[in-house]
Amino acid sequence: MPELPEVETVRRGLERLIVNKTIKAEEHDTQKGFPNNPEEVAQFLIGATITAVRRRAKVLLIDLSTGYSLLVHLKMTGQMVYVDDAARFGAGHPNDSLIHELPDRSTRVTLTLKEGGKLFFNDQRKFGWMKLLPTELIMETPFMQKVGPEPLEATFTDEVFISRVRRRKNSPIKAALLDQSVLAGIGNIYADEGLWGAKIHPSTLVRDVTDKQLRELRTELQTVLKLAIEKGGSTDRNYVNAEGKKGSYMDFARVFRKENTPCPRCGMTIMKTRVAGRGTHICLHCQPEPQHA
DNA sequence: CACTTGACCTGTCCGC
DNA sequence: TGCGGACAGGTCAAGT
């Protein structure tokens, strides 16, 4: 669920809440993957000041004064939540919050800050990970080597999008959008939303999608990603921002999780099906089924 | 090389 | 009520 808008929302929250603060202590459970090297944690994490919080694709990059960075991937159910020492979840905004008390049983890593407050990495399904890495080596990791362009940067032009998507000519267009080496940050929610916006059936093979449709799709993806960031992301089940609060994009979603409701464009009932191994939401009137797929 | 499928996990929901 | 199975969906390894 955390896709580009959710990770970007967390990034913005963390930037506001933890930059210039110093990590005093670290605790973790026995989850594989962290700490990757306890000696590095002692030397380069404990006592480090957080200098910046960046994002590339769906990965958070928390830069430290020691020349190391903490990389975090939330995968499906990961959360990065900052709590100050006086926080009481749900107080005043009971509908905003999914979290009542931290740590809870999904907490994997807890960072205590010298200035007060704690940062929790929670992950119910344990697919997510946290890694400590020298900052200068981030871009040499296999994922960073292969990941595609950021869809909201000015360099992400129609030409760039079309040429990269065309590498997957025999794939359904939805599979191509989910491929992080084609472009960064799209997941199941925004793939469905963008394809509905561009009126393309998700099963259509890339070779059967016209350049004109791909130009519309690029525009739709950018529009929906920007709107989702503005709404603080989508909370389907687990996602919360850096303050433990839900995002509201699901209130604006046109097809995702809207099966059996009317299409906001034509009124036909939205269907749920399966494409590229994923639950997929479509309006068959707006997104006619391709002939050969 | 292009493409698809299964594995990794846990919690929830649905049918019997 | 209990229980098995499907499902949720990001990424990588292994398979065709």
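Labels below follow one simple rule: chain letters A, B, ... track the order of the sequence lines, proteins then strands, and each chain is numbered from 1. What's counted below: heavy atoms across the whole structure, side chains too, no hydrogens, waters or symmetry copies.
Contact annotation: A:His73 side-chain N/O to C:dT11 OP1/OP2 distance is under 4.0 Å. Distances shown here put a side-chain N or O of A:Lys58 below 4.0 Å from the OP1 or OP2 atom of C:dT11. Phosphate contact (OP1/OP2 of B:dT10, side-chain N/O of A:Lys126, threshold under 4.0 Å): present. Remark: A:Gln180 is in phosphate contact with C:dT11, judged by side-chain N or O atoms under 4.0 Å from OP1 or OP2. Applying the 4.0 Å criterion to OP1 and OP2 of C:dG9, one finds that A:Arg257 has a side-chain N or O inside that range.
If you take CZ of A:Arg207 and C1' of B:dC3, they are 12 Å apart, rounded to a whole angstrom. Rounding to whole angstrom units, CE of residue A:Met144 and P of C:dT11 are separated by 10 Å. Atom CG of A:Asp29 is separated from atom C1' of B:dC9 by 13 Å (rounded to the nearest Å). Summarising the geometry, the separation between CZ on A:Arg56 and P on C:dT11 is reported as 12 Å, rounded to the nearest angstrom. Atom CG of A:Leu183 and atom P of C:dG10 are 13 Å apart (whole Å). Spacing between atom CG of A:Leu74 and atom P of B:dC9 amounts to 18 Å, rounded to whole angstrom units. Spacing between atom OH of A:Tyr239 and atom C1' of C:dA8 amounts to 18 Å, rounded to whole angstrom units. Atom pair A:Asp104:CG and B:dG11:P shows a separation of 10 Å (rounding to whole Å applied).
Of the residues in residues 269-276 of chain A, none lies under 4.0 Å from DNA chain B by heavy-atom distance. Near DNA chain B, meaning a heavy atom under 4.0 Å away, the residues from residues 162-179 of chain A are A:Arg167, A:Arg168, A:Lys169, A:Asn170, A:Ser171, A:Pro172.
Taking 4.5 Å as the limit, some side-chain heavy atom of A:Asp179 sits within range of a side-chain heavy atom of A:Arg168. In this structure the side chain of A:Gln287 never reaches within 4.5 angstrom of the side chain of A:Met271, judged on heavy atoms. In this structure the side chain of A:Leu119 never reaches within 4.5 angstrom of the side chain of A:Lys21, judged on heavy atoms. Residues A:Arg218 and A:Ile162 form no side-chain contact, since every pair of their non-hydrogen atoms from C-beta on lies 4.5 Å or further apart. No side-chain heavy atom of A:Leu132 sits under 4.5 Å from any side-chain heavy atom of A:Asn37. Side-chain contact between A:Glu193 and A:Val255 is present, with at least one heavy-atom pair separated by less than 4.5 Å. The shortest distance between side-chain heavy atoms of A:Arg56 and A:Leu61 falls below 4.5 Å.
At the heavy-atom level, A:Gly277 lies nowhere under 4.0 Å from the strands shown.
The P atoms of B:dG11 and C:dT11 are separated by 22 Å, rounded to the nearest whole Å. Atom name P, nucleotides C:dG9 and B:dC3: the rounded distance is 23 Å, in whole Å.
For A:Lys231, the NZ atom counts as densely surrounded, since its 6.0 Å shell holds more than 12 non-hydrogen atoms of other residues, nucleotides or ligands.
Stem regions for DNA chain B, each three or more consecutive Watson-Crick or G-U pairs with both distances under 3.5 Å and listed by first number, read B:2-8 with C:10-16, B:10-16 with C:2-8.
Of the candidates B:dG11, C:dT11, C:dG9, B:dG11 carries the atom nearest the A:Arg237 side chain, counting heavy atoms from C-beta on.
Identified under the ring pair (Phe, Tyr, Trp, His ring centres under 6.0 Å) test for residues 125-170 of chain A, with sequence neighbours left out: A:His73-A:Trp129, A:Phe156-A:Phe161.
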At a cut-off of 3.5 Å, list every protein nitrogen or oxygen paired with a nitrogen or oxygen from nucleotides 13-16 of chain C, distance to 0.1 Å.
none

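With sequence neighbours left out, the ring pair (Phe, Tyr, Trp, His ring centres under 6.0 Å) criterion links A:Phe44 to A:Tyr68.
Applying the side-chain contact (heavy atoms from CB on, under 4.5 Å) test between A:Ile50 and each of A:Asp63, A:Leu70, A:Val19 identifies A:Val19 as the sole match.
Following chains of ILVMFWY side-chain contacts shorter than 4.5 Å, one cannot reach A:Leu133 starting from A:Val72, and the two form parts of different hydrophobic clusters.
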